[in-house]
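What follows is a set of notes on a single structure, which appears directly below.
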Amino acid sequence: MRYDLVIFDNDGVLVDSEPISNRHLAAYLTELGHPTTYEDSIRDYMGSAMHRVHDLIEERTGQRLPADFDDVFHARVFAAFERELKPVPGVADVLEKLTADGVQYCVASSGSHERIRVGHRAAGLDRFFDDARIFSSQDVGRGKPAPDLFQYAAERMGTAPERCVVVEDSPLGVQAAVAAGMDVYGFTAMTPAEMLTGATRLFADMRDLLPLLTDGGPAEN
């Protein structure tokens, strides 16, 4: 294994939640008078903490979102997770192999602790992640693209940044990993490769991750 710690993003990397959450986010913002398409939501908010939604809406319109926006949004998304959420194809096999080989791994997500846990339970991944392996932007002062979350996760897991690799599918996450001094493998199953500029390597199928972690290939160029 080339690294001592594998840090996974959550949404879109462990659980196939980005289509669900961005569909509901676009619909809710539009309902509130801020017309937003699914593509707009992916472009502007994918991989970010909720405060970015509030900040961008206020910056663009001069209006603040309702005080209960986060609660209403999460209630809708969590209900959809229970009905629809699946693990990213192949990721359970990756986690099984890392566990069997004794390789440290964790999740570091812009989402809240509640969102991470709800998603893991719905997708059947909760058996891989106890509390000591879950890190959220709630744990640090700044979310991605700041490096704080990844640095915090590495510190808590007792690993130097240069011995970590981050698995990410969002531009903000790639920026955060690079800023943290870590290698980052950009997952392009949903995100166009050109949006993940700065990634150490790119790959489109989760089944390709284990070879990357051991010998550096194969992957996209």
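Heavy-atom basis, side chains included; hydrogens, waters and symmetry copies ignored.
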Check this for me, if you would: do [X] and [Y] make a salt bridge, where the nitrogen-to-carboxylate-oxygen distance has to be below 4.0 angstrom?
{"X": "D183", "Y": "R163", "value": "no"}
{"X": "K97", "Y": "D101", "value": "yes"}
{"X": "R23", "Y": "E18", "value": "no"}
{"X": "D40", "Y": "R43", "value": "yes"}
{"X": "D208", "Y": "R201", "value": "no"}
{"X": "R127", "Y": "E96", "value": "yes"}
{"X": "D148", "Y": "R142", "value": "yes"}

Considering all heavy atoms, the nearest [X]-[Y] contact:
{"X": "P145", "Y": "Q175", "result": "CB-OE1, 3.6 Å"}
{"X": "A123", "Y": "V15", "result": "CB-CG1, 3.7 Å"}
{"X": "F73", "Y": "H24", "result": "CE1-C, 4.0 Å"}
{"X": "R52", "Y": "Y45", "result": "O-CE2, 4.1 Å"}
{"X": "G111", "Y": "S136", "result": "O-OG, 2.7 Å"}
{"X": "A108", "Y": "A153", "result": "CB-CB, 4.3 Å"}

Side-chain H-bond candidate by donor/acceptor type, [X] with [Y], under 3.5 Å:
{"X": "D11", "Y": "S17", "result": "yes"}
{"X": "T159", "Y": "Y3", "result": "no"}
{"X": "H54", "Y": "D70", "result": "yes"}
{"X": "N10", "Y": "S109", "result": "no"}

Is there side-chain contact between [X] and [Y], with heavy atoms separated by less than 4.5 Å?
{"X": "Y105", "Y": "I7", "result": "no"}
{"X": "V53", "Y": "L29", "result": "yes"}
{"X": "M190", "Y": "P19", "result": "yes"}
{"X": "D93", "Y": "R207", "result": "no"}
{"X": "Q63", "Y": "H34", "result": "yes"}
{"X": "L65", "Y": "L32", "result": "yes"}
{"X": "P87", "Y": "D16", "result": "no"}

Does [X] reach the main-chain N or O of [Y] with its side chain, forming a donor-acceptor pair under 3.5 Å?
{"X": "T200", "Y": "V184", "answer": "yes"}
{"X": "S41", "Y": "Y38", "answer": "no"}
{"X": "T191", "Y": "D169", "answer": "yes"}
{"X": "T30", "Y": "T36", "answer": "yes"}

Connected via hydrophobic side-chain network under 4.5 Å: [X] and [Y]:
{"X": "M195", "Y": "I42", "answer": "no"}
{"X": "L95", "Y": "Y185", "answer": "yes"}
{"X": "F187", "Y": "F129", "answer": "yes"}
{"X": "L172", "Y": "V107", "answer": "no"}
{"X": "F8", "Y": "M46", "answer": "no"}

Report the distance from atom [atom1] of [X] to atom [atom2] of [Y], rounding to the nearest 0.5 Å.
{"X": "R121", "Y": "F78", "atom1": "CZ", "atom2": "CZ", "result": "9.0 Å"}
{"X": "M182", "Y": "E162", "atom1": "CE", "atom2": "CD", "result": "9.0 Å"}
{"X": "D44", "Y": "E39", "atom1": "CG", "atom2": "CD", "result": "11.5 Å"}
{"X": "Q104", "Y": "L5", "atom1": "CD", "atom2": "CG", "result": "6.0 Å"}
{"X": "I134", "Y": "H113", "atom1": "CD1", "atom2": "NE2", "result": "7.5 Å"}
{"X": "Y152", "Y": "M157", "atom1": "OH", "atom2": "CE", "result": "12.0 Å"}

query: Would R64 and D55 satisfy salt bridge (Lys or Arg N to Asp or Glu O under 4.0 Å), going step by step from the backbone distance to the final call?
result: CA-CA 8 Å; R64 302 192 68 176; D55 292 346; over 6 Å; no
field: Stacked cation flag R133 on F128, 6.0 angstrom / 45 deg
entry: no
- request: Check L14, I116, V88, L85 against L125 for a side chain to side chain contact (heavy atoms under 4.5 Å, CB included) and give me the one that passes.
  value: L14
task: With V167 as reference, evaluate L212, D9, V6 under the side chain to side chain contact (heavy atoms under 4.5 Å, CB included) test and give the passing residue.
output: V6
task: Would you please name every residue forming a side chain to side chain donor-acceptor pair (under 3.5 Å) with S21, sequence neighbours left out?
output: R115
- request: Taking side chain to side chain donor-acceptor pair (under 3.5 Å) as the test, write out the residues that go with S170, two or more places apart.
  value: E168
- request: Determine, stepwise, if the pair F150 / C164 fulfils side chain to side chain contact (heavy atoms under 4.5 Å, CB included).
  value: CA-CA 9 Å; F150 291 139; C164 299; over 6 Å; no
message: Applying side chain to side chain contact (heavy atoms under 4.5 Å, CB included) to V140 and Q151, what does each step give before you reach the verdict?
response: CA-CA 10 Å; V140 295; Q151 291 171 336; over 6 Å; no
CA sep, side-chain torsions, deciding dist, call: R2, T214, side chain to side chain contact (heavy atoms under 4.5 Å, CB included): CA-CA 6 Å; R2 303 173 67 197; T214 54; 5.6 Å; no
- request: Evaluate the criterion side chain to side chain contact (heavy atoms under 4.5 Å, CB included) for residue pair D126 and R117; output intermediate values, then yes/no.
  value: CA-CA 7 Å; D126 50 323; R117 287 172 170 80; over 6 Å; no
message: Can you confirm whether R156 is buried at CZ, in the sense that more than 12 heavy atoms of other residues, nucleotides or ligands lie under 6.0 Å from that atom?
response: no
message: Angle between ring planes, F69 versus Y28, binned at 30° and 60°: parallel, tilted or perpendicular?
response: parallel
